[in-house]
There are 2 protein chains.
Amino acid sequence: MKTKKLRQGQIAKILEKEFVVTQHQLQKLLARAGHRVTQATLSRDMKELGVIYAPAPHGPYYYKISTVQTGPLIQQDLQNRFSKYVVNISRTDNLILIKTLPGEASGMARLIDELSMNGIKQTEVKEILGTIAGDDTILVIMKNKVNIPKIIKFLKGTTP
Amino acid sequence: MKTKKLRQGQIAKILEKEFVVTQHQLQKLLARAGHRVTQATLSRDMKELGVIYAPAPHGPYYYKISTVQTGPLIQQDLQNRFSKYVVNISRTDNLILIKTLPGEASGMARLIDELSMNGIKQTEVKEILGTIAGDDTILVIMKNKVNIPKIIKFLKGTTP
DNA sequence: CATTATTATGCATAAATATACAATATTAAC
DNA sequence: GTTAATATTGTATATTTATGCATAATAATG
């Protein structure tokens, strides 16, 4: 059903430009673009599109296309890269040293950070204090050394 | 009035751990932590805290502490850094070359990108195609050269 | 202190969003 | 094609969130 995809694309486009505060407002804007649907449909579209509802500083909540991936997708991406780009993993005390192919380290580190900050229900990654990355090396600093094996398994995707 | 600050701190802490889907749920969790308030108060707190309401992939919407700054704050930050760290600005055609103090370039470039992607109602930054940064140089690529002076003014904060 | 100004909160309710269910449309299988 | 299975949407409504107004709590001022 292509109308749906088209409409959702249009919604994304609108939300990039306009300051949309309610689904009713969006409904009107959409109608102007030729898509005539009810609020109920928009409610469903929003969820599917991953649209977030965020407060403008000192302003009202408004709808906004999310640029940040949410938890599960990042995790998938990260584990995918692990299998492709990681050359070696070593550890001492509460540190994990991950050797990657050239240029991959900082991108992967960012994903790890993102996950540790935004990961929901992932107790593993909450144990990560932070990461530092060079060009082909990631240093992961843990809050506590006991959880290191669990984390390594998790990052590798052994525990899906 | 400290109870409010305390409560909001507690809210932030709860949202980091728990998957909170409604304000009622939060109300209960909060009560368990000793803060007894109505849903109305929570609604206000959420906005003040900048909590966003985001859909979990294939799951329901849930409340989530925002890690990404929203528009106006970024802009302020960026203009602040401009005044402190920018050494020189030059341009040719549709390119702007910004020379900064060592190490500042990539951070500032990220802010510019963030703004150009998430900026609401800021037509100026929408004209930015992208940025590339080294250690002390930012290259800003514009969609169109006619808007360059406007952008430069904007970044400098001359147009607040 | 007492008094005034400011901020925070609850109550009641308005406004907005999500959803169960029924009706339609779309796609797949034959 | 026809029929069965799946997906999309609207209607009506339940659920949830936001807010106007009144009150209480806190802070500022003399």
Side-chain angles (χ1 to χ4, degrees), chain A residues 1-66 70-72 120, chain B residues 1-66 70-72 120:
Chain A
M1 193 170 287
K2 64 193 169 188
T3 34
K4 188 182 169 189
K5 294 270 181 234
L6 282 174
R7 184 184 62 243
Q8 293 189 347
Q10 197 59 238
I11 291 177
K13 207 166 281 177
I14 290 176
L15 293 185
E16 276 167 25
K17 285 205 205 64
E18 308 271 354
F19 192 78
V20 178
V21 168
T22 68
Q23 295 180 0
H24 252 90
Q25 182 189 349
L26 178 60
Q27 189 181 25
K28 283 183 205 160
L29 292 169
L30 256 183
R32 202 177 303 167
H35 294 274
R36 226 158 283 274
V37 287
T38 58
Q39 170 269 324
T41 300
L42 294 184
S43 171
R44 291 164 186 137
D45 282 345
M46 298 300 226
K47 186 184 280 186
E48 286 175 26
L49 279 170
V51 171
I52 69 176
Y53 199 44
H58 304 289
Y61 270 80
Y62 69 99
Y63 289 100
K64 169 172 168 178
I65 294 290
S66 159
T70 29
I120 289 287
Chain B
M1 198 167 287
K2 63 192 169 191
T3 34
K4 187 182 170 188
K5 293 268 179 238
L6 283 175
R7 185 184 61 244
Q8 293 190 346
Q10 197 59 241
I11 290 176
K13 208 166 280 176
I14 289 175
L15 293 185
E16 276 167 25
K17 284 204 205 62
E18 309 269 354
F19 193 79
V20 177
V21 168
T22 67
Q23 294 179 1
H24 252 90
Q25 182 189 349
L26 178 61
Q27 189 181 25
K28 282 184 204 160
L29 292 169
L30 210 54
R32 202 178 303 167
H35 294 274
R36 225 157 283 276
V37 288
T38 59
Q39 170 269 325
T41 300
L42 294 185
S43 171
R44 291 163 185 139
D45 281 347
M46 297 300 225
K47 186 183 280 186
E48 287 177 25
L49 280 170
V51 170
I52 68 176
Y53 198 43
H58 304 289
Y61 270 81
Y62 68 98
Y63 288 99
K64 170 170 167 180
I65 294 290
S66 160
T70 30
I120 290 286

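Order of the sequence lines sets the chain letters (A, B, ...), proteins ahead of strands, with each chain counted from 1. All heavy atoms count here, side chains included; hydrogens, waters and symmetry mates do not. Every value quoted in this text rests on a predicted model; they were computed, and no experiment measured them.
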### Query
Do B:Pro55 and A:Met46 come close enough that some side-chain heavy atom pair is under 4.5 Å?
no
### Message
Ignoring hydrogens and geometry beyond distance, is a side-chain donor-acceptor pair present between B:Gln27 and B:Gln39 at under 3.5 Å?
### Response
no
### Task
Give, for atom CD of A:Gln23 and atom CD1 of A:Ile11, the distance between the pair rounded to the nearest 0.5 Å.
9.0 Å
### Query
Who are the side chain to side chain donor-acceptor pair (under 3.5 Å) partners of B:Gln8, not counting sequence neighbours?
B:Asp45, B:Glu48
### Message
Pair B:Leu30, B:Leu42 - check side chain to side chain contact (heavy atoms under 4.5 Å, CB included), show working.
### Response
CA-CA 10 Å; B:Leu30 210 54; B:Leu42 294 185; 3.6 Å; yes
### Query
Got a second to check how far A:Leu49's CG is from A:Arg44's CZ, nearest 0.5 Å?
14.0 Å
### Message
Rounding to an integer number of Å, can you tell me how far A:Leu42 CG sits from C:dA15 P?
### Response
20 Å
### Task
Write down the distance between CG (B:Asp45) and P (C:dT7), rounded to a whole number of angstrom.
16 Å
### Summary
Rounded to whole Å, the CD-P distance (A:Glu48 to C:dT19) equals 12 Å
### Summary
From CD1 of B:Ile11 across to P of C:dA8 the rounded distance in Å is 13 Å
### Residues that B:Tyr53 engages under ring pair (Phe, Tyr, Trp, His ring centres under 6.0 Å), provided they are two or more places apart
B:Tyr61, B:Tyr63
### Task
Mind calculating the distance between NZ (A:Lys4) and P (C:dT27) to the nearest angstrom?
12 Å
### Query
Please give, in whole Å, the distance from C:dA15 C1' to A:Gln23 CD?
12 Å
### Message
Can you pull out every ring pair (Phe, Tyr, Trp, His ring centres under 6.0 Å) where at least one residue sits in residues 25-49 of chain A? Sequence neighbours excluded, please.
### Response
none
### Task
May I ask you to list the residues of residues 24-35 of chain B, by number, that have any heavy atom positioned under 4.0 Å from an atom of DNA chain D?
none
### Query
Are A:Thr41 and A:Thr38 close enough that some pair of their side-chain heavy atoms sits under 4.5 Å apart?
yes
### Message
Does D:dA18 have OP1 or OP2 under 4.0 Å away from a side-chain N or O of B:Ser43?
### Response
yes
### Task
Would you give a per-nucleotide map of nucleotides 10-15 of chain D, 5' to 3', where B means the base has a protein non-hydrogen atom under 4.0 Å away, S means only the sugar-phosphate does, and - means neither?
BB----
### Summary
The bend of the helix from C:dC1-D:dG30 to C:dC30-D:dG1, taken between the axes of its five terminal pairs at each end and rounded to 10°, is 40°
### Query
OH of A:Tyr62 versus C1' of D:dT17: gap in Å, rounded?
19 Å
### Query
Of all heavy-atom pairs between B:Arg36 and B:Ala31, which one has the smallest distance, and what is that distance?
NH2-O, 3.6 Å
#### Entry: Validation row: A:Ile52, B:Lys64 side chains within 4.5 angstrom (heavy atoms)
no
### Whole-Å distance separating the OH atom of A:Tyr63 from the C1' atom of C:dA18
10 Å
### Query
Would you say D:dT19 has OP1 or OP2 under 4.0 Å from some side-chain N or O of B:Lys47?
yes
